[in-house]
Number of protein chains: 2
Amino acid sequence: MPRKTYHHGNLKNALIQAGIAILAEEGLGGLSLRKAARRAGVSHAAPYAHFADKQNLIAAIASDGHKKILERFETIRVKYPDNPLRQLAAGAWAYVKFGLQAPDHYRITFSGVIQDEHSHAEFIEYSQRNMQVLREIIAQCRSAGVLDADGVDSELQAVSIWGLLHGLTLLMIQKQLPSQLIKTCPPKDIVLSALQQMARISINKRMLD
Amino acid sequence: MPRKTYHHGNLKNALIQAGIAILAEEGLGGLSLRKAARRAGVSHAAPYAHFADKQNLIAAIASDGHKKILERFETIRVKYPDNPLRQLAAGAWAYVKFGLQAPDHYRITFSGVIQDEHSHAEFIEYSQRNMQVLREIIAQCRSAGVLDADGVDSELQAVSIWGLLHGLTLLMIQKQLPSQLIKTCPPKDIVLSALQQMARISINKRMLD
DNA sequence: ACCTGAACACCGTTCAAGT
DNA sequence: ACCTGAACACCGTTCAAGT
């Protein structure tokens, strides 16, 4: 079914969605500008009207990943407005779940392909907002007395928790955890245990949802 | 300078070394079978005598990464034979340092491109040995009373510590930590703080070396 | 067993040209 | 402004043929 008009209408967004679909169906290796163009029903050169190069399409897909994570955080903050500890627990699990549900979208989001921050303003914007949300949740947990400050700088605490979740998510996605553990211990239990070890917080499995 | 003999002699290893060099000089995106072949001074089809496909060259490079990490662990275990806590601290920092020194080699080592474990026996072998070393160090720390067991399964403790180091390493490699933190806090301090939060161990900066 | 050269399908990118 | 088609350099992979 060919397009009715010469102009696509919203090719830029169509290419981003096509890219995300390719990631889901074929993984990182299957992503190409030409394939995204084919899916959007345009010629292989058309994407260059909207993206300077492949890198820029990837940056747009990565921005979308950050945006989706941000949306999940915001939903949780609205859901538990007076319970920062629960925001931390549920936010952490939502973050990991996004990685498990869309492994290659998650991977590309944090693939570090973004070189000059200048040409990827949107990506920088969203990633900083995600970091800011984590900072705020941790600050609220600390002032509510449900998270040990314990002489540790709160920025280092935030970065450590993020690093932990990021590392576990990737190890799970890429099936690099010991197979014996995977068989007996669902992802949720791994995240729960890791969070408890890291942050010394009293949370249970229910609080992750 | 062309080869003297028709046969290369050790082409397989030469291709692996060429690949590692390409990763260091041009990064992940620059790695191709043809380029590795060019560097080794053979035709672009020659690698197929030693690797079924590109994936298998990558698996060999990833195995080499695991091997190098394993060697560093073993050096440390020999250096501090009666001090498991120091083995943990110095081993952790050695792990992160490898990632910082050879970012793209580290990334490819844990890129999860290994699909069927059958065709990559060497990779599986080395990665399991690394996990086993971590398990042993943690077991020794726990029985020496320098690491809180605290009701947490030691396998989950090992995986959490690994996840933390892996996540932080990747975030640092890919420059995704807040730039303000990077400016004021060297990688070593980040790792030290993260380890202290995670494992509740009393270590100082000197013990990382 | 180990390597070469030609061949094919695919990709990123550019550019003159069309609407 | 937005898109097409031809063109070029590059890549992964295969295969018949050479040593």
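These figures come from a predicted structure and were not determined experimentally. Chain letters run A, B, ... following the sequence lines, proteins first, then strands; residues in each count from 1.
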- Query: Would you say the side chains of A:Ser193 and A:Gln197 form a donor-acceptor pair under 3.5 Å?
  - Reply: yes
- Query: How would you list, by chain and number, every residue that makes a side-chain contact (heavy atoms from CB on, under 4.5 Å) with B:Glu125, sequence neighbours excluded?
  - Reply: B:Arg129
- Message: Could you tell me if the side chain of A:Leu57 sits less than 4.5 Å from the side chain of A:Ile61, heavy atoms only?
- Response: yes
- Value in whole Å for how far the P atom of D:dC2 lies from NZ of A:Lys12: 10 Å
- Measure from CG on B:Leu15 to P on D:dT13 and round the result to the nearest Å. 14 Å
- Query: With sequence neighbours left out, what residues match B:Tyr126 under ring-ring contact (aromatic ring centres under 6.0 Å, His included)?
  - Reply: none
- Query: Between D:dC11 atom P and B:Leu57 atom CG, what is the distance in whole Å?
  - Reply: 14 Å
- Note on the structure: Read 5' to 3' with Watson-Crick or G-U pairs under 3.5 Å, [ ] for crossing pairs and | for partners on another strand, DNA chain D gives ||.|||||...|||||.||
- Query: What pairs meet the ring-ring contact (aromatic ring centres under 6.0 Å, His included) rule with one or both residues in residues 51-81 of chain B, with sequence neighbours excluded?
  - Reply: B:His66-B:Phe110, B:His66-B:Phe123
- Is any side-chain N or O of A:His50 closer than 4.0 Å to OP1 or OP2 of D:dC3? yes
- Check every atom of C:dC3, D:dT13, D:dC11 against the side chain of B:Lys35 and return the nucleotide holding the closest atom. D:dC11
- Query: Rounded to whole angstroms, how far apart are CG on A:Leu33 and P on D:dC10?
  - Reply: 19 Å
- Query: How long is the line joining CG of B:Asp53 and C1' of D:dT13, in whole Å?
  - Reply: 9 Å
- Note on the structure: By side-chain hydrogen bond (donor to acceptor under 3.5 Å, both in side chains), A:Lys68 pairs with (sequence neighbours left out) A:Asp64
- Tell me, please, which residues at least two apart from B:Arg77 pass side-chain hydrogen bond (donor to acceptor under 3.5 Å, both in side chains). B:Gln87, B:Glu136
- Give the rounded distance in Å between these two atoms: NZ of A:Lys54 and P of D:dC10. 17 Å
- Contact check, residues 17-32 of chain A vs DNA chain C, heavy-atom distance under 4.0 Å, returns A:Ser32
What nitrogen or oxygen pairs link the protein and nucleotides 5-7 of chain C at under 3.5 Å?
residue	atom	partner	partner atom	Å
C:dA6	N6	B:His44	NE2	3.0

- Message: Does a side-chain N or O of B:Arg38 approach OP1 or OP2 of D:dC10 to a distance below 4.0 Å, or not?
- Response: no
- Message: Per the side chain to side chain donor-acceptor pair (under 3.5 Å) rule, what does the pair list look like for residues 23-32 of chain B, sequence neighbours excluded?
- Response: B:Glu25-B:Arg39, B:Glu26-B:Lys35
- Message: Please enumerate all residues that pass side-chain contact (heavy atoms from CB on, under 4.5 Å) together with A:Asn204, with sequence neighbours excluded.
- Response: A:Arg206, A:Met207
- Item | Step-by-step ring-ring contact (aromatic ring centres under 6.0 Å, His included) determination, A:Phe98 to A:His105 | CA-CA 9 Å; A:Phe98 174 69; A:His105 194 177; 5.7 Å; yes
- A:Asn56 CG to C:dT14 P, in whole Å, measures 12 Å
- Partner residues of B:Trp93 under the side-chain hydrogen bond (donor to acceptor under 3.5 Å, both in side chains) criterion, sequence neighbours left out: none
- Task: Report the distance from atom CZ of B:Phe51 to atom P of D:dG12, rounded to the nearest whole Å.
- Result: 13 Å
- Task: Check side-chain hydrogen bond (donor to acceptor under 3.5 Å, both in side chains) between B:Asp153 and all other residues, then give those that pass, not counting sequence neighbours.
- Result: none
- Counting heavy atoms from C-beta on, name the nucleotide in C:dC2, C:dT13, D:dT14 closest to the side chain of B:Tyr48. D:dT14
